[in-house]
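Working notes, beginning with the structure itself.
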Amino acid sequence: MLDMALFREHAELIRADHTKRGLPHDNIDRIIELDQSWRNLLHETDLLRREKNEAARGIGAAKKAGDQAKAEEILAQVANLGQAISAMEEETKQAMVERDRLRMSVPNILHEDVPIGADESGNTVHGVHGDKPTFTFEPRTHNDLIEMNRWVDLKRAAKITGSRFYFLKGDLARMEFALQQYAVNFLREREFSFVQPPVMMNREAYEGVTDLADFETVMYGVEPDQYYMIATAEHPLTAMFMDETIPEDQLPLRLVGVSSCFRREVGSHGQSDLGIWRVHQFTKIEQIIIARPEDSWKLHEELLSNCVDLWNSLGIHFEIVNICTGDMGTVAAKKYDLEAWIPGAEQYKEIVSCSNCTDYQANRLKIRYGQPGHPNQPIVHTLNSTAVATSRALVAIMEQYQLEDGKVAIPEALQAYMGGQTVLEPCQWG
RNA sequence: GCAGUCGUCGCAUAGCCUGGUAUUGCGCCGGAUUUGAAAUCCGGUGUCCCCGUGACUCGGGAGUUCAAAUCUCUCCGACUGCGCCA
């Protein structure tokens, strides 16, 4: 959410951003209008309350002095004010609620480096790492590999849960576990502190970190407690500082979280999403940084280079993509994706998303930094990046490391976590 | 899950019974004093707005009342005990 001061004092910045994104300016105008009327109403309400307060104080004084008649007289005077005030309060609240409802839907101000484009075809390649693997045989899709090695059971998962859920089995499940430990250790060596968050959040906290539309298309709700299953560890790891002032000497705060992630993926079905590429539940190792505003762009690059080094160390060939205006969500000011080469699909596909959300989440969550207990402390910036989404990492590894006989070599970096094993063996039962 | 105790400004605390508009300490910020520091003294230290002898604020919400931190209801959270369970 953008600071209201930005609408009041520098609406031209928001307008310019909307123009860049190809959005109409209606909402901006409406928000400014509603804000003005809210402020007018608030002032009028304050005046009425003041009048009432001043009169009511007289009642106490009169009663104390034993002047019952005077007390009754003031009481009669004040009688109507109460009703007038409640009516005015209702109107005032309406204006603010409507203003903020619209404000929630206004996207973050984009960084100037974000390329202009209508959709994902406008994204630009920012770098290429590793060599595209070559095969002396026809490479299989990961979907074929998981079936012939009996590493994933989609059928039984569909039976007991639903489609796009899965059992991971045998050596592939072990490699998933190895990836988690490897990624956490990798980031711990870079001063990230390990955190395991709750996987459910209440609505209030959730609205601080995500776009409202996500509640309809992304989040699973848990009845009857009205909790939401997290879509990524980014959400609890950022929202955990809601309504807090973080001492400045603790910044930048670098966290690495591991959690299951749950996504409904409403409306996104396609032949290109074979196997375990797009699923309702997966595990993700996530980097989070809470920073002072002046440090956040440098730290965004740090997050990216952590990803680059991590994926290079896994020996995966990938591109870095700078996401364009039309492909950017509501929350991020700038976003890089890492896209790994998937031979079976003959395309680069997203494995990492690395965002600087600037003060957009922190404004909603009221996360400040400085001296706790002091007024007007500045708002922090929040950044997040995938380290490894294990389901997609498994796909990338299986496809790039596959062998002619359908087995899969284990990236060297992970072998130590698998007892020195070098090749994933098929699962013995199906 | 049941029962009891409790939730007050960054932290700690008073006020609640008996309704009249949040006390004190620590920390922090500014000033005075000092060669400098400590100590001491003075002032400040929740949010909002049109910045005032302004409005709001005592875990959240609702109610009673002219008036609620204070009374009532409800939800949330913490602690203790019992029960259950990885």
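Throughout, a chain's letter reflects where its sequence line sits, starting with A, and its residues are numbered from 1. Side chains included, hydrogens not; waters and symmetry mates left out as well; all remaining heavy atoms used.
At a cut-off of 3.5 Å, with distance as the only test, a side-chain donor of A:Gln287 or A:Asn306 sits close to an acceptor on the other residue. Between the side chains of A:Asp214 and A:Tyr206, no donor-acceptor pair of N or O atoms lies under 3.5 Å.
B:rC2 and B:rG61 have their C1' atoms separated by 25 Å, with the value rounded to a whole Å. Comparing the same atom, P, in B:rG15 and in B:rU70 gives a spacing of 15 Å after rounding to whole Å. With P as the reference atom, B:rC76 and B:rA55 are 35 Å apart, rounded to whole Å. Using atom P as the reference point in both B:rA69 and B:rC9, the two lie 14 Å apart (nearest Å). For the C1' atom pair drawn from B:rG83 and B:rU18, the interatomic distance equals 40 Å after rounding to whole Å. Using P as the reference atom, B:rU5 and B:rU74 are 15 Å apart when rounded to the nearest Å. Taking the C1' atom of each, B:rC42 and B:rU47 are spaced 27 Å apart, rounded to whole Å. Here, B:rU21 and B:rC66 have their C1' atoms 13 Å apart, quoted to the whole Å.
For the pair A:Lys284 and A:Glu286, the salt-bridge criterion is met [side-chain N within less than 4.0 Å of a carboxylate O].
Nucleotide B:rA39 forms a pair with no other nucleotide shown, judged by Watson-Crick or G-U wobble geometry with both contacts under 3.5 Å. Summarising the base pairing, B:rC71 is matched to B:rG63 through a Watson-Crick or G-U wobble pair whose two defining distances lie under 3.5 Å. With a cut-off of 3.5 Å on both pairing distances, the Watson-Crick or G-U wobble partner of B:rU24 is B:rA12. For B:rG81, the paired base is B:rC2 (Watson-Crick or G-U wobble, both distances below 3.5 Å). Of all nucleotides present, only B:rG54 satisfies the Watson-Crick or G-U wobble test against B:rC48, with each distance under 3.5 Å.
Across the protein-nucleic acid pair, A:Asn376 atom CG and B:rC49 atom P stand 10 Å apart, rounded to whole Å. Rounded to an integer number of Å, the gap from A:Gln36 CD to B:rC50 C1' is 9 Å. With rounding to whole Å, A:Glu248 atom CD is found 16 Å from B:rC28 atom P. The CD1-C1' distance, from A:Ile85 to B:rG54, rounds to 13 Å in whole Å. Here the P atom of nucleotide B:rC56 and the CD atom of A:Glu51 are 13 Å apart, to the nearest Å. The distance from atom CE of A:Met4 to atom P of B:rU47 is 19 Å, rounded to the nearest whole Å. Atom OH in A:Tyr369 sits roughly 18 Å away from atom C1' in B:rG10 (whole-Å rounding). Taking atom CG of A:Leu42 as the reference point, atom P of B:rG54 lies 15 Å away to the nearest angstrom.
Listed candidates were B:rC66, B:rC50, B:rU45. Nearest to the side chain of A:Lys52 is B:rC66. Closest to the A:His374 side chain, of the nucleotides B:rG20, B:rC29, B:rC50, is B:rC29. For A:Arg50, the listed nucleotide lying nearest its side chain is B:rA55; candidates were B:rC50, B:rA55, B:rC66. Here B:rA55 is the nucleotide among B:rA55, B:rC50, B:rC48 with the atom lying nearest to any side-chain atom of A:Arg49. When each of B:rG10, B:rC50, B:rG77 is scored by its nearest atom to the side-chain atoms of A:Asn40, the top-ranked nucleotide is B:rC50. Among the nucleotides B:rC50, B:rC66, B:rA55, the one closest to the side chain of A:Asp46 is B:rA55. Relative to the side chain of A:Pro372, the nucleotides B:rC49, B:rC28, B:rG10 differ in distance, and B:rG10 lies closest. If you check B:rC66, B:rU47, B:rC48 against the side chain of A:Pro375, the one that comes closest is B:rU47.
Between A:His18 and A:His25, the angle of the ring planes goes over 60°, which puts this pair in the perpendicular group of the 30/60° scheme.
Within the cation-pi definition used here (under 6.0 Å to the ring centroid, within 45° of the axis), A:Lys169 qualifies as a partner of A:Trp429. Judged by the 6.0 Å and 45° rule, A:Arg203 forms a cation-pi pair with A:Phe215.
Look at A:Asn53 and you won't find any side-chain N or O under 4.0 angstrom from OP1 or OP2 of B:rU53.
Note on A:Asp225: nothing from the nucleic acid sits closer than 4.0 angstrom, heavy atoms only. Counting any heavy atom pair closer than 4.0 Å across all strands shown, A:Arg39 reaches a base atom. Residue contacts shown for A:Arg8 are limited to sugar-phosphate atoms, with no base heavy atom under 4.0 Å away. At a threshold of 4.0 angstrom between heavy atoms, the contacts of A:Asn202 with the nucleic acid are absent.
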>> Pair A:Asp35, A:Arg39 - check salt bridge (charged side-chain N to carboxylate O under 4.0 Å, His left out), show working.
In response: CA-CA 6 Å; A:Asp35 182 54; A:Arg39 293 210 277 179; 3.7 Å; yes
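Annotation: of the two residues near RNA chain B, A:Tyr227 and A:Arg368, the 5′-most nearest-nucleotide partner is A:Arg368. Between A:Val78 and A:Gln377, the one whose closest nucleotide on RNA chain B sits nearer the 5' end is A:Gln377.
Surrounding CD of A:Gln250 are more than 12 heavy atoms belonging to other residues, nucleotides or ligands, all under 6.0 Å away.
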